[in-house]
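Okay, structure first, notes after.
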Amino acid sequence: MSVSVLGAGAFGTALAISLAGKGPVTLWARDAGDMAARRENAKRLPGCPFPDRLSVTESLAQAAEAETLLLAVPMQKLRSVLEEHRAALHGKHLVACCKGIELSSGVGPVSVIGETIPQATAAILTGPSFAADIARGLPTALTLACADPAAGEQLQAELTTANLRLYRTTDTTGAELGGALKNVVAIASGAAIGAGLGESARAALMTRGYAEMQRLAAHLKAEPTTLAGLSGFGDLTLTCTSEQSRNYRLGQSLGQGAPFDLSTTVEGAATARAVDTLAREAALDMPITRAVAGLLDNQLDVAGAMKSLLTRPLKEE
Ligand SMILES: NC(=O)C1=CN([C@@H]2O[C@H](COP(=O)(O)OP(=O)(O)OC[C@H]3O[C@@H](n4cnc5c(N)ncnc54)[C@H](O)[C@@H]3O)[C@@H](O)[C@H]2O)C=CC1
Ligand SMILES: O=C(CO)COP(=O)(O)O
């Protein structure tokens, strides 16, 4: 097995720690010095010591000696990272570990890989998992999606670890949509709880948010069963109900009118805007996404957003 992880944030570090339990792993970071010395990512994942088989490097060339590379940079940075290192990544198995829709193009990470490095095999690893849980060795189940069935099987075996159980699909569109859209619904859910609207309101937002996810998925020809799996329903459930989620916490802050650290990686913010644009262009009804985009752009407050949802024409479920 030869695996590297590009991007040493919370998630990339957690995956590297888990994978190092079964073989050597290289973690590529822009600032590897402190991590290599401490054998810990004190900034993003404190309290999770590196196993011996995890090495940290600032050399992309060294990381790219692996056959399989996990891409754990934020969604809106993925294209520039791939473009910068295109030559080194030709012919590799590239597994997106980010969740979102690119604002500039309206496509997800698998398409971004395909557009920038068509000679690579593109896949995505997604599903309900907090980095801290993975790094602590807690049990986690994820979806590995790859359009090439043989490569998907190889990646599933390669990336399954003692605490990470991977399920496989060839539906990359469905897998990337689930992971991207659940973050938008998590912002809405956090806003409802933060504003004191109650858990019944959250359940309504999660359920109707899931209906929006299915609507866009059907439009983009994804499999409905993928949305019902770990990458869709599974991650929606986790992210909309846990204060460990940064998307949920951003929503809570919006609901409370409290400040939020804008340097935090919150993928649902750009994705809400990207999906709102997609929905308008395709004339798809996605009112929760529209309300979240309106909240983020200060066009609506939480009361206005709820009013916009509650006063819509009555319809069948
Ligand atoms: N943290 C979590 O629990 C989970 C995160 N994810 C996904 O993983 C992706 C990354 O999230 P986190 O690791 O949590 O974020 P993070 O904020 O902890 O780390 C992001 C990392 O990306 C690096 N980075 C940013 N731009 C870069 C560039 N141009 N070149 C190289 N490195 C760059 C940063 O230095 C930072 O180390 C997101 O799409 C997120 O949705 C998925 C599942 C769980
Ligand atoms: O994707 C995640 C859990 O599956 C992490 O959620 P946040 O990005 O909202 O923290």
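Values below: every heavy atom of this structure, side chains too, minus hydrogens, waters and symmetry copies. Because the structure is predicted, anything quoted here is derived from the model rather than measured.
- Residues that satisfy the salt bridge (Lys or Arg N to Asp or Glu O under 4.0 Å) test with Lys315, not counting sequence neighbours, are Asp285.
- Using a 4.5 Å heavy-atom threshold, the side chains of Arg202 and Tyr248 count as touching.
- Every residue meeting the salt bridge (Lys or Arg N to Asp or Glu O under 4.0 Å) condition with Arg280, not counting sequence neighbours, appears here in chain and number order: Asp276.
- Residues Met213 and Leu205 fall into different hydrophobic clusters, defined by Ile, Leu, Val, Met, Phe, Trp and Tyr side chains chained together at heavy-atom separations under 4.5 Å.
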Q | Verdict with reasoning, Arg79 to Glu115, per salt bridge (charged side-chain N to carboxylate O under 4.0 Å, His left out) | A | CA-CA 9 Å; Arg79 188 181 294 270; Glu115 287 172 14; 2.8 Å; yes
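- Closest of all the heavy-atom pairs between Ser231 and Thr126 is CB-CG2, 3.7 Å.
- With sequence neighbours excluded, the residues satisfying side-chain contact (heavy atoms from CB on, under 4.5 Å) with Gln256 are Ala258.
- The side-chain contact (heavy atoms from CB on, under 4.5 Å) search around Ala141 returns Tyr167, Leu230, not counting sequence neighbours.
- Using a 4.5 Å heavy-atom threshold, the side chains of Glu267 and Pro74 count as touching.
- Across all their heavy atoms, Ile101 and Ala274 have their closest contact at CG2-CB, 3.8 Å.
- The shortest side-chain heavy-atom distance between Gln154 and Glu67 falls under the 4.5 Å cut-off.
- Proximity of Asp235 to Lys99: side-chain heavy atoms (C-beta onward) are separated by under 4.5 Å at one or more points.
- With Leu159 as the fixed residue, the side chain to side chain contact (heavy atoms under 4.5 Å, CB included) test singles out one of Leu164, Leu142, Leu70: Leu70.
- Within the 4.5 Å cutoff, side-chain heavy atoms of Ile124 are placed close to those of Pro109.
- Between Val292 and Leu254, the closest side-chain pair of non-hydrogen atoms is not below 4.5 Å.
- The other members of the hydrophobic cluster of Val112, by chain and number, are Leu6, Trp28, Leu60, Leu69, Leu71, Val73, Met75, Leu78, Val81, Leu82, Leu89, Leu94, Val107, Ile113, Ile117 (side-chain heavy atoms under 4.5 Å, ILVMFWY only).
- A side-chain N or O of Lys182 and one of Thr239 form a donor-acceptor pair less than 3.5 Å apart.
- Every residue two or more places apart in sequence or in another chain that forms a side-chain contact (heavy atoms from CB on, under 4.5 Å) with Leu54 is listed here: Ala16, Ile17, Ala20, Leu27, Arg39, Phe50, Pro51, Val56.
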